[in-house]
Q: 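Below: one structure in structure tokens.
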Amino acid sequence: LGDGTYTVNASVTDFLNQKNTTPTLTVTLDTRPPEITFINPTGGNGTIVYASSIPVKVGIMEMNLSNVTFILKDSTGAIANKTTYTKGINPELNPSDGSAEINFSSLPDGTYTYNVSADDTTDVSDCAGICVPYPPGSLRNATEERTIILDTTAPMPTFASNTPENGSNLSVNTVTINGTAAEPNFANGTITLRNNAGTIVGQQIWTGSTTGNATFSGVADGTYTFTF
């Protein structure tokens, strides 16, 4: 038999054509684990966000869903949050539209991983009629584990050694500026040179390394400002 809901009864007839029938029982057969996938607004794997919370939502296909468990781990692998929603108790688990969601909030900056598991019904009393029970957890399925980085701290750029001091008077027409940034999720750095009118006369952009430099040649006499 395939998965589904069935009814069963039995009847007996004797030689005098006297007949009796048992009550009709409902039996649910379910041999497949839940199907569970991430859905919007869950972020993609490896996402870096300016936030202190992580919204996670899953779509679930399962006719006998029992509960859904969300697990969040910090960068050391320790469990930062483990929350289980049970059908009929927690409104965050919504069997009517096949979804469940959570918002891990008030989290410090850092790298986190998360996944979600769904359990099938294994309690006979939770079925309409009779269920064919399985050991708890035997009909469980889980999403893949995703990683997310929370970063709410702006980079801290500083001028590095060999960069001219503020207010310097230089007898040169080539200026080299070195910069470094304290930032674990560095994307790019920009060093800009402007003349006294505020016009950009040179600019250097780099990616990858938190340390960079810019050399501007052929600079005419005058007063300049540079930023990083």
Q: Is a side-chain donor-acceptor pair under 3.5 Å present for Asp109 with Thr153?
A: yes
Q: Consider side chain to side chain contact (heavy atoms under 4.5 Å, CB included). Of Asn103, Ile39, Thr42, which one does Val56 pass it with?
A: Thr42
Q: Indicate whether any N or O donor in one side chain lies under 3.5 Å from an N or O acceptor in the other, for Thr180 and Thr211.
A: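 Thr180 vs Thr211: donor-acceptor pair found between side chains.
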Q: Between Trp206 and Thr190, which heavy-atom pair has the shortest distance, and what is it?
A: CZ3-N, 4.0 Å
Q: Can you confirm whether Asn9 is buried at CG, in the sense that more than 12 heavy atoms of other residues, nucleotides or ligands lie under 6.0 Å from that atom?
A: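 Above 12, so yes.
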Q: Check whether Asn195 reaches the backbone of Ala197 with its side chain - one donor and one acceptor, N or O, closer than 3.5 Å.
A: yes
Q: What class does the angle between the rings of Phe228 and Phe159 fall in, given that below 30° is parallel, 30 to 60° is tilted and above 60° is perpendicular?
A: tilted
Q: Working note: Tyr114 + Ile148, criterion side chain to side chain contact (heavy atoms under 4.5 Å, CB included); need CA distance, chi angles, decisive distance, verdict.
A: CA-CA 8 Å; Tyr114 58 88; Ile148 187 170; 3.9 Å; yes
Q: Are any non-hydrogen side-chain atoms of Asn20 and Thr13 less than 4.5 angstrom apart?
A: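 The answer is no; the side chains never approach within 4.5 Å.
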Q: More than 12 heavy atoms of other residues, nucleotides or ligands under 6.0 Å from CG of Asn166: is that the case?
A: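 Result for CG/Asn166: open.
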Q: Near Tyr6 OH, under 6.0 Å, is it more than 12 heavy atoms from other residues, nucleotides or ligands?
A: yes
Q: Quick one: which of Thr199, Thr227, Val201, Thr225 gives a side chain to side chain contact (heavy atoms under 4.5 Å, CB included) with Leu193?
A: Val201
Q: Look at the side chain of Arg146 and the backbone N and O of Gly43, then say whether any donor-acceptor pair between them is shorter than 3.5 Å.
A: yes
Q: With a 4.5 Å cut-off on side-chain heavy atoms, are Val49 and Leu150 touching?
A: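 Side chain of Leu150 against side chain of Val49, heavy atoms only: contact under 4.5 Å found.
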Q: Answer yes or no: is there a side-chain heavy-atom contact under 4.5 Å between Leu72 and Ile54?
A: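 Contact flag for Leu72/Ile54 side chains = yes.
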Q: Under a 3.5 Å cutoff, is there a donor and acceptor pairing between the side chains of Asp119 and Ser66?
A: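 The criterion, which ignores hydrogens and geometry beyond distance, is not satisfied for Ser66 and Asp119.
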Q: Against Val116, only a single residue in Thr37, Thr143, Thr69 fulfils side chain to side chain contact (heavy atoms under 4.5 Å, CB included); can you say which?
A: Thr143
Q: Please report the shortest heavy-atom distance between Ser52 and Thr152, naming the atom on each side.
A: N-CG2, 4.3 Å
Q: Is the ring centre of Tyr112 less than 6.0 Å from the ring centre of Phe104?
A: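 When the ring centroids of Tyr112 and Phe104 are compared, they turn out to be at least 6.0 Å apart.
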Q: Write down the atom of Ile36, the atom of Ile60, and the distance for their closest heavy-atom approach.
A: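 Here Ile36 and Ile60 meet closest at CG1-CG1, 4.2 Å.
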Q: Ala118 and Leu65: which non-hydrogen atoms are nearest, and at how many Å?
A: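 Taking every non-hydrogen atom into account, CB-CD1, 4.0 Å.
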Q: Is the backbone of Val8 close enough, under 3.5 Å, to the side chain of Thr24 for a donor and an acceptor to pair up by distance?
A: no
Q: Check the side chains of Thr176 and Thr215 for a donor-acceptor pair under 3.5 angstrom, ignoring hydrogens and angles.
A: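 Yes, Thr176 and Thr215 have a side-chain donor paired with an acceptor closer than 3.5 Å.
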Q: Does Glu165 CD have over 12 foreign heavy atoms under 6.0 Å away?
A: no
Q: Looking only at side chains, do Thr111 and Ser75 share a donor and an acceptor under 3.5 Å apart?
A: no
Q: Indicate whether any N or O donor in one side chain lies under 3.5 Å from an N or O acceptor in the other, for Asn162 and Asn178.
A: no
Q: Are the ring centres of Tyr85 and Phe70 closer than 6.0 Å?
A: yes
Q: Can a side-chain donor-acceptor contact be found between Asp74 and Thr76 if the only test is distance below 3.5 angstrom?
A: yes
Q: Is it the case that the side chains of Asn81 and Thr83 hold a donor-acceptor pair, with the cut-off being a distance below 3.5 Å and no angle test?
A: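 Yes - a donor-acceptor pair under 3.5 Å links their side chains.
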Q: For residues Lys57 and Asn40, report the shortest heavy-atom separation together with the two atoms involved.
A: CD-O, 3.5 Å
Q: Going through the distances and angles, do Asn213 and Ile177 end up as a side chain to side chain contact (heavy atoms under 4.5 Å, CB included)?
A: CA-CA 6 Å; Asn213 64 79; Ile177 302 165; over 6 Å; no
Q: Nearest heavy-atom pair of Asn115 and Ala142: which atoms, and what distance?
A: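 So the minimum-distance heavy-atom pair works out to ND2-CB, 4.1 Å.
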